[in-house]
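All remarks here apply to the structure that follows.
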Protein chains: 2
Amino acid sequence: MILDHAARLFRQRGYAETSLRDIATVCGMKTASLYYHFASKEEIVTEVLNTGVATVSEEARRRVDLLGPDAAPAERVHAAISAHLHALLEQDDYTGANIRIFGHVPPHVRAATMQSREQYEQWWRDVLADAAERGAIRPGTDLAHLRLLLLGAMNWSVEWHTPRPGKSVAAIAASLTALALHGVFVEGLKLRKRPLRTKTRKPKSWKPSLP
Amino acid sequence: MILDHAARLFRQRGYAETSLRDIATVCGMKTASLYYHFASKEEIVTEVLNTGVATVSEEARRRVDLLGPDAAPAERVHAAISAHLHALLEQDDYTGANIRIFGHVPPHVRAATMQSREQYEQWWRDVLADAAERGAIRPGTDLAHLRLLLLGAMNWSVEWHTPRPGKSVAAIAASLTALALHGVFVEGLKLRKRPLRTKTRKPKSWKPSLP
DNA sequence: GTCTATAGATAGATAGAC
DNA sequence: GTCTATCTATCTATAGAC
């Protein structure tokens, strides 16, 4: 399918960096043939963007609804995080393309795909507001910041995650859920004194990876 | 300064979406004049990217070092988060441009700016590893995930933050630090029963904003 | 449905006058 | 240092044959 190839290229290279010639080539055809199926590059990218939101939105709703209406808020948040990351990193290329190129498409294309994005964002507001109403979220928490920071932590993973055996997306979801639930710091702990060092830290070799 | 204008346009519009003509225009000159100062568009973007990393790196080290070597790990992490967000959203356009376009520049430009990025990333590893060694981080925490998720939550803010009176960057830093330290969920709580509803949730009007 | 051929616009980059 | 003029490449898109 043409859109599948387009989504993959957009996710990998970006919008402006992907020409119709590139898309046509991986589809095994010439540039002009694309115009039998689509009116313009903007029509192609609009469909890719909308499909991307639909994919992650449906997956997230499905996974959360599966838990039933009386599941613990923490379970619901974990399901939402897990589903979002799955759609973004494993399901197909549409959601990842949306996240990577949305801010780089022409303004009227952004406007045309904004509404579906907003609806999905609203669903996240509802999930967190529901948890708060049920008393599961610490009073005083800024729910808007919480939502934006969680979505940011997830969305940015398209910049650094590379599928590898032993590096499961489920583990990322578990890490982020744990972070959201109870953080990572030990509190009320008597800190160990900083050990004396003559050198800074182990200059151990590290693999290049974003960011 | 030419690079200042270039950084602003790259951050606002993206790399491919910003032409040398655009940069020249806001500089009050013609395209050809840029070639007296720079050899190519790639040279311009390389300098912008490297300056972006230098800015955030210097600001973060400065802010953390200011606390002294025996400051509590939580204080150091808060300073690091606060400095990163400040550089990204308030200081100038270089860091924001780096975050937004790094994944969209030609591969050899990415390679040429990778090293400074890696060094800054390594500094974050050191900050978190130091906190862990001092016993401040819950055992079993995946430090690589923690770093990537924190940087993601921060970096993604370039996609949604718009400077507005009453919406301080310090508040975002406080929210993320609180999230990292102790999370937002109330634990061991007897959950309130979900209130019965005839309709879903308030369909209240909401303002468009990313994501 | 896919092709060849090409139009029309715009990009990065260069030559040379001032 | 900045300009005008221009080169060359590439892009989106169209026309029309098969």
**Message:** Test: salt bridge (Lys or Arg N to Asp or Glu O under 4.0 Å). Region: residues 32-50 of chain A. Which pairs qualify, not counting sequence neighbours?
**Reply:**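 Residue pairs passing salt bridge (Lys or Arg N to Asp or Glu O under 4.0 Å), neighbours aside: none found.
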
**Asked** Tell me the salt bridge (Lys or Arg N to Asp or Glu O under 4.0 Å) pairs involving residues 84-105 of chain A, sequence neighbours left out?
**Response**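 Qualifying pairs: A:R11-A:D93, A:R100-A:E159.
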
**Request:** Mark up nucleotides 3-18 of chain C, 5' to 3', with B wherever a protein heavy atom is under 4.0 angstrom from a base atom, S wherever such an atom reaches only the sugar-phosphate, and - elsewhere.
**Result:** BB------SSBBB---

**Message:** Going by the rule side chain to side chain donor-acceptor pair (under 3.5 Å), which residues pair with B:S82 if we only count those two or more places apart in sequence or in a different chain?
**Reply:** B:R63

**Prompt:** Roughly, in whole Å, what's the span from CG in B:L34 to C1' in D:dT2?
**Reply:** 11 Å

**Asked** Tell me: CZ of B:F38 to C1' of D:dG1, nearest whole Å?
**Response**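 In whole Å, D:dG1 C1' and B:F38 CZ are 13 Å from each other.
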
Less than 3.5 Å apart, which donor and acceptor atoms pair up between the side chains of residues 23-31 of chain A and the rest of the protein, not counting sequence neighbours?
residue, atom, partner, partner atom, Å
A:T25, OG1, A:R21, O, 2.8

**Prompt:** Which residues satisfy the side-chain contact (heavy atoms from CB on, under 4.5 Å) test with B:A54, sequence neighbours excluded?
**Reply:** B:E58

